[in-house]
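Chain identifiers are assigned alphabetically (A, B, ...) following the order of the sequence lines, protein sequences preceding nucleic acid strands; residue numbering begins at 1 within each chain. All values below come from the heavy atoms of this structure, side chains included, with hydrogens, waters and symmetry mates left out. Bear in mind the structure is a predicted one, so any value in this text is a computation, not a measurement.
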There are 2 protein chains.
Amino acid sequence: MNCDDQGRARGHAVLVLALLAVLGLVSQQPRSGYDVRKVFIETALAHFSASPGAIYPALRRLERAGLLSGEVERQGTLRPRRVYRLTAQGDRGLKRHLGRPVARDDIVWHMDELMLRFVFMDPLLGRAATLEFLEEMAQELEAYLPELEAQLAQQEQVGTACSRLAVQQGLEGYRATARWARRAIKALSSG
Amino acid sequence: MNCDDQGRARGHAVLVLALLAVLGLVSQQPRSGYDVRKVFIETALAHFSASPGAIYPALRRLERAGLLSGEVERQGTLRPRRVYRLTAQGDRGLKRHLGRPVARDDIVWHMDELMLRFVFMDPLLGRAATLEFLEEMAQELEAYLPELEAQLAQQEQVGTACSRLAVQQGLEGYRATARWARRAIKALSSG
DNA sequence: CGATACATGTAACCGGTTACATGATTTT
DNA sequence: AAAATCATGTAACCGGTTACATGTATCG
């Protein structure tokens with residue numbers, strides 16, 4: 001069992017999770033840092049930073065990277081607010097990121113990112129793309145489940161009762177998500 | 001809706017997740033940094049760092065904090081290995097952390113930590129404590145579910161179809177975990 | 001002899017958390 | 001007048017990722 005040079009390629013995956021959330025929110029409508037914070041706090045959107053020391057610098061970085069442009073707005077607000085919009089480049093980048101195919105790797109390691117993509121996808125890429133995304137997700141999940149079950153059955157001997165139960169819990173989560181994806185497809189097709 | 005002074009208290013919760021995993025693994029048996037890495041990689045234990053730049057410094061920090069003690073071992077190994085054991089203080093600290101009651105907050109924000117505690121709990125605190133832990137988990141989950149359902153029903157009007165489906169997905173996860181906890185209790189009681 | 005596995009580390013960079021600062025406006 | 005809300009930020013600290021460095025032993 002080789003341990004060398006593993007443990008890499010984990011940080012960003014083109015876009016860090018929090019940045020994807022920020023871009024997605026700004027894509028819905030122009031927002032200030034405070035607006036983004038509010039959404040993070042009120043909706044418990046995933047579980048993101050929400051601290052000013054994270055959000056304001058992140059917006060600045062996205063602006064430096066050319067994905068957002070911020071303009072100071074003075075009308076009708078207490079204090080001047082710096083309101084951000086997607087640039088053309090940001091729009092392209094976000095759409096490209098949202099449109100990427102669902103990989104096995106995403107299912108195993110980045111389920112939260114997949115859900116985030118799902119939330120922001122519909123208005124930007126259209127219903128057909130959203131349904132395709134869900135179909136890919138469902139298929140990847142349904143292909144992954146038997147493998148997990150085989151692993152669990154195979155390791156029924158080794159490990160403690162509790163470690164096996166913990167694996168079982170993970171498996172149940174994947175099963176629930178697979179069922180959810182199928183139901184979501186139906187809901188979005190007929191609705 | 002007040003946004004001030006939110007977004008705090010999110011980093012450590014006495015023990016950061018990765019440190020809890022490291023302590024738990026060392027509690028099972030004396031391990032070196034390489035051993036810990038192997039477990040992180042091979043078992044996909046949650047999804048932890050596993051990079052040497054994370055693990056070796058973490059072990060050193062835990063040693064400086066008095067929770068671990070490392071001794072260099074030269075027999076029967078290729079290169080001298082620094083093998084760590086729990087100190088008396090580390091043992092006390094880990095047991096205290098594992099034995100904390102399950103709070104609503106843990107259910108909402110730190111489910112992964114709860115699962116980690118579950119995995120390491122049985123040998124250290126005994127079967128009775130493990131069953132009590134699962135019972136607390138099940139009860140907190142079952143109390144939380146109706147609230148989530150109410151929120152979802154209430155916000156059936158606002159939000160897009162996709163955002164509602166995303167919330168639904170989270171709900172299904174909690175439901176699956178609640179069912180799992182009840183089954184785990186049965187399995188560990190009778191088995 | 002070269003590749004692979006064993007084993008431990010370091011240094012630069014980046015970014016999140018914590019905590020504090022600031023200041024205007026509305027509410028009590 | 002005081003408190004709360006709106007709104008934006010900064011600076012120190014800490015730690016993870018990435019990437020590189022190093023060296024031994026075994027296997028083919």
Whether [X] contacts [N] is assessed here as follows: a side-chain N or O lying under 4.0 Å from the phosphate OP1 or OP2. Is that the case?
X	N	result
Ser32(B)	dA7(C)	no
Ser51(A)	dG16(C)	no
Arg81(B)	dT8(C)	no

Q) Among all residues two or more places apart in sequence or in another chain, which pass the ring-ring contact (aromatic ring centres under 6.0 Å, His included) test with Phe133(B)? A) none
(Q) Checking Tyr56(B) now: which residues fulfil ring-ring contact (aromatic ring centres under 6.0 Å, His included) with it, not counting sequence neighbours? (A) none
Between the protein and nucleotides 9-13 of chain D, are there any N/O to N/O pairs under 3.5 Å, and if so, what are the atom names and distances?
{"residue": "dG9(D)", "atom": "OP1", "partner": "Arg60(A)", "partner atom": "NH2", "Å": "2.7"}

To the nearest Å, give me how far apart [atom1] ([X]) and [atom2] ([N]) are.
X	N	atom1	atom2	result
Tyr34(A)	dT8(D)	OH	C1'	10 Å
Leu19(B)	dG15(D)	CG	P	8 Å
Asp35(A)	dT5(D)	CG	P	17 Å
Phe40(B)	dT17(D)	CZ	C1'	15 Å
Arg31(B)	dA7(C)	CZ	P	14 Å
Leu59(A)	dT8(D)	CG	C1'	11 Å
Leu62(A)	dC14(C)	CG	P	15 Å
Ile55(A)	dG15(C)	CD1	P	15 Å

Q. When you check the gap from the basic side-chain N to the acidic O, do Arg182(A) and Glu142(A) get nearer than 4.0 Å?
A. yes
**Q.** Selection residues 20-30 of chain B - residue pairs positive for side-chain hydrogen bond (donor to acceptor under 3.5 Å, both in side chains), sequence neighbours left out
**A.** Gln28(B)-Arg31(B)
Q. Looking at residues at least two apart in the chain, or sitting in another chain, which of them share a side chain to side chain contact (heavy atoms under 4.5 Å, CB included) with Ala181(A)?
A. Ala138(A)
Q: Output all residues satisfying side chain to side chain contact (heavy atoms under 4.5 Å, CB included) with Glu140(A), sequence neighbours left out; order by chain, then residue number.
A: Val102(A), Arg104(A), Ile107(A)
(Q) When you compare the side chains of Thr177(A) and Gln169(B), does any donor N or O come within less than 3.5 Å of an acceptor on the partner? (A) yes
Q.
Measuring from the side chain of Arg61(A) (C-beta onward, heavy atoms only), which nucleotide among dC6(C), dG16(C), dG16(D) has the closest atom?
A. dG16(C)
